[in-house]
**Q** 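Let me begin by handing over the structure; questions about it come next.
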Amino acid sequence: MITPEWAAAAPTLVLGVTALVLFAFDSIDPESSNNPVLAGIAVVGSLAAMGVSVAYLVAGVGDPAVELYGGQLVVDGMALFFQVIFTSVTALVALASYDYLEDMRHQAEYYILLLLAATGMSLMAAAGSLAVGFVALELASLPSYGLVAFLKQNRGSAEAGLKYFLIGALSSAVFAYGISLVYAVSGSLLIDAVAGSVRNAGQPGVLGVGVLMVLGGFAFKTASVPFHFWAPEAYEGAPAPISAFLSSASKAAGFALAFRVMTVAFPIEGVVGAVDWVLAVQVLAVVTMTLGNFAAATQENVKRMLAYSSVGHAGYVLIGLAALTGTGDGGLVLGAGMIHLLVYGFMNTGAFLFIALAEYWGVGRTFADYNGLARRAPLACVAMTVFMFSLAGLPVGGGFVSKYYLFAGAVNAGVWWLALVGAVNSALSLFYYSRVVKAMWIEEPAEGVDVSSYPSTLYAAVITAAVVTVVLLPALGLFSGFAFDAAAAVLF
Amino acid sequence: MLELLVGVCLLGAFVTFALPDEYASEAALGISLVPLAVSLYMYAVFDGVGNALLGGDPSFETQYAWLTLGRYDVTWHMGLDGISMPLVVLATLLTTLAILASWTPIDERQSQFYGLMLFMEASLVGVFGALDFLVWFVFWEAVLVPMYFLIGVWGGARRKYAAIKFFVYTNIASIVMFIGFFGLVFGLGDSIASLDLPAIAQALRAGELGGLGLLSASQVATLAFVAMFLGFAVKVPVVPFHTWLPDAHVEAPTPASVMLAGVLLKMGTYALLRYNFTMLPGIAQSLAVPIALLGVISIVYGALLALAQSDLKRIVAYSSVSSMGYVTLGLVAYTMYGTGGATFQMVAHGLISGLLFACVGVVYNTTHTRMVGDMSGLADRMPVTVGAFVAGGFAYMGLPLMAGFAGEFFVFVGTFGADFAGAPVFTSVGMFGIVIVAGYLLWSMQATLFGPFESATDYEVSPAAVHDVVPLLVLVVFIVALGTLPYDLAFDAILDATEPVLPTAGEVAATFGGGSP
């Protein structure tokens, strides 16, 4: 517990206030060229939010859960754990953006949109009602559309932004309609109250359609099949730090809301008469990881490969929901999904920030363009090697342990075939991740690539992400308890 | 102590990686002397008793909590017994010597090369020291990464193909093994609460394994045994899973070959001993004939393949396949001398094959050719190198008072008296392999080292530098010492640790042995 109670929402408030400070700064001095201040405010604000959420998590503020505004906001262990993910990704992205945005206009708007999106994500993790969840999702999405199209002189960026916006608008509509159907059956928008009234609700057909539509909204936000096809375009066209932000933090935010809504509002034993959403998620998980992996294996463009790999990882995390079969300990798999998102937040953000570094240098976009990069920038390439191997699940980073958690949790829940599909996919993924490593270290350097400068904040962000990824391998055991406890608290 | 060993290697790897190329080779040598000294000190004060997996008391044991997942605790559990202690010394010794042997051939990206060598040393020590499955698996996989780069960056003309082939083969093998092992873990059900290898091994030998789904307990055991055997057989390698090895060896830079043949192959036989033969003796005995057959095929076919080569490095590479066949044969015998001798042979072969690869490397550095027909009469020009080469060759052929003789002798004694059907026949055929070894080694040494000097390449052939021959002489000293005093230096400790592996009748039945042999 914490007094005053509203202080429990401090991580979200700090992010929102930081965005407002940036607004104020921009309105006082709209043509400012003082970019270090803009980036500095963004980094400090997100680090402060991260510090608060870590401190709350350690101090046990979310246990028991703090309910604000009549249950519209719920601050529990799960919300705080996800806020740690969002804020750390935001800090890394803001740090890296300082160099990436060098000499570009409208930088204040960039950081404002970034912080507003982070605020929305933080709210999504703490949403206690479907209405707040929807508003928070929009707050996270709308700035993201703008950020994807930030390079507005660049056709790819503008096209990606438009495509992202159109599919996003459609899926928002689907999501809102799903919420209205659920409301029609249950008569409430509060997640807790929905759970109580769906158990013996009439009109199971309406409820079933509603649940599936809500699930579709989550599939969009997490870039899962069948609403994944915006992801490759958006990630490829967007500025690389924004690709990092979307594929790590935005995906985690989608899962944060999905984990809470699906497990609390629609407990499987309560809605099984209407819809067996666990079965649906199992199918989605298998299709998502397989499709993401095979599509990634056929790419020639590194950023696009990472985009599809991000789809594949959404499939792994879906195991966290798909293995809630009632047998075994559900808290283990759900917690494992949260842990994988934490590790993924660092290794995937780092990988996209390395792409940002390559774009900064003017290196091309295909695997062949990365040939021999290690001779010019060995330190950054070591970091990228760590990211690639950790994403593939080799034990050089935390990705090995979080995948182990996920697959072991799935077997524990009796869906061993889900773990098997995941393990096989994970093994196959080594093929395309190692292509990047091979190009950087083994191939002869390509002509005409000139690595003349070493942008300090981009480097700092990449190295920080790599160090955290490696440290998470031995140290994950220290943090995993928070995730397992938080997941168990949500489930019961 | 073990943590110190791993930590020094890892730290040294990072330091070396960050150093400029000019100082990397000297720095790496200096750093690698620390783990060597530490491991020799550990060897001197070693006081382990029995088998670490079967209720023995390993030396330098440490255990800390790492992860927990539901029922299974994962702990950082390390310790050395009579099986792993000599292998740790082998790994640290060969790393230092391989680093020294790299001074001449490695002339670009030195800091990266030496950093990877030290990283590999850390992983190898971890593989031999780990007593928890997940910790062991982390190190087992981590060994692949530096080797992939060592072959891929500093290798010969077809290095990219060889590196990716090595990586893919061994990685797929790891997954097959991983699935097999977890079959056992799940089959054990509630009788274990952790992934601790001693706990799992003891539960298996006590017959706690249950069925899994539609499979009965004995089917689970058989499938897991086969999966783990396949996984490790690639690493050993056992014919017909050996095809990655010649490619990897031929393309790898010589120091990497020394490590690959000297230590990495031993990971496979070490794992076979620790997992298949320690945990499921019953299944191993009921499958003894096919396994012994694979071992003998490896011995004879590997030797015949070696006979057909004219590249010195290929000859040594295929002869490794042959020598590792003895280890397989000795393990499956399940007699005191068979299992102990196989473990001894791992160490002996590590030293001998390391020596031969290092010799081939020195010859290549000087003549820039490895083909038997391209040179002759090197003895006049490079007397010390040729002397070491001949010593290594005779050690391979099993000259008494050298390590190879002791290893092979123990294995043959042990296998001859083994219980499985046709053991004497397998042993006799295996012994015939030595005749082939003698044939091709004598032939290739005769052709290249002796007779009038000739060289097909235009390089000046003169005695190798001191830092090139020091590793050769050190290895010869170790080989002779181990051959002269096998019991005192290693075999007593090995026997102490391998004897508990030999199953009692009850343990054979508990692990689904097929009744009478």
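Side chains are part of it too, since the values below use all heavy atoms of this structure and drop only hydrogens, waters and symmetry mates. Within every chain, numbering begins at 1; the chains are lettered A, B, ... in the order of the sequence lines, protein sequences first and strands thereafter.
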**Q** Could you state the interatomic distance from CD1 (B:I164) to CD1 (A:I442), rounded to the nearest 0.5 Å?
**A** 7.5 Å

**Q** Answer whether the closest heavy-atom distance between the side chains of B:F186 and A:N412 falls below 4.5 Å.
**A** no

**Q** Please name the pair of heavy atoms, one in A:A427 and one in B:I175, separated by the smallest distance, quoted to 0.1 Å.
**A** CB-CD1, 2.9 Å

**Q** Please classify the contact between A:F431 and chain B as side chain, backbone, both or neither, with a heavy-atom cut-off of under 4.5 Å.
**A** neither

**Q** Does a side-chain heavy-atom distance below 4.5 Å link A:V411 with B:F182?
**A**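 Side-chain contact under 4.5 Å: no.
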
**Q** Against chain B, work out which of A:V424, A:L379, A:T385, A:L473 has the most heavy-atom pairs shorter than 4.5 Å and name it.
**A**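 Most heavy-atom pairs under 4.5 Å with chain B: A:L473.
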
**Q** Tell me, side chain or backbone of B:V135 under 4.5 Å from chain A's heavy atoms, or both, or neither?
**A** neither

**Q** Carefully, step by step, assess B:I179 and A:L420 under the rule side chain to side chain contact (heavy atoms under 4.5 Å, CB included).
**A** CA-CA 9 Å; B:I179 291 172; A:L420 192 66; 3.9 Å; yes

**Q** Who among A:P378, A:G477, A:P395 has the most heavy-atom pairs with chain B under 4.5 Å?
**A**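 Going by pairs under 4.5 Å, I would pick A:P395.
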
**Q** What distance do B:L67 atom CG and A:Y405 atom OH have between them, rounded to the nearest 0.5 Å?
**A**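 Reported value, rounded in 0.5 Å steps: 4.0 Å.
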
**Q** Hey, is CH2 on A:W416 packed in by over 12 heavy atoms from elsewhere, all under 6.0 Å?
**A**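 No, because the 6.0 Å sphere around CH2 of A:W416 holds 12 heavy atoms or fewer from other groups.
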
**Q** Under a 4.5 Å cut-off applied to non-hydrogen side-chain atoms, are B:N171 and A:L394 in contact?
**A** yes

**Q** Locate the shortest heavy-atom distance separating B:R109 from A:A374; write the atom from each residue and the value.
**A** NH2-CB, 4.3 Å

**Q** Test of understanding: with ring-ring contact (aromatic ring centres under 6.0 Å, His included), list the residues that count as partners of B:F149, not counting sequence neighbours.
**A** A:W441

**Q** Out of curiosity, B:E108 CD to A:R375 CZ, how far, rounded to the nearest 0.5 Å?
**A**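 Interatomic distance, B:E108 CD to A:R375 CZ, rounded to 0.5 Å: 5.5 Å.
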
**Q** At what distance, to the nearest 0.5 angstrom, does CZ of A:F400 lie from CZ of B:F137?
**A**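 Rounded to the nearest 0.5 Å, the CZ-CZ separation comes to 5.5 Å.
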
**Q** First locate atom OH of B:Y148, then atom CZ of A:F389, and finally report the distance between them rounded to the nearest 0.5 Å.
**A**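 Rounded to the nearest 0.5 Å, the OH-CZ separation comes out at 6.5 Å.
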
**Q** Using non-hydrogen atoms only, which part of B:V168 is less than 4.5 Å away from chain A: side chain, backbone, both, or neither?
**A** neither

**Q** Less than 4.5 Å to any heavy atom of chain A: does that hold for the side chain of B:F167, its backbone, both, or neither?
**A**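 For B:F167, the contact with chain A is made by the side chain alone.
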
**Q** I'd like to know if A:E444 and B:R159 make a salt bridge, using a cut-off of under 4.0 Å between side-chain N and carboxylate O.
**A** yes

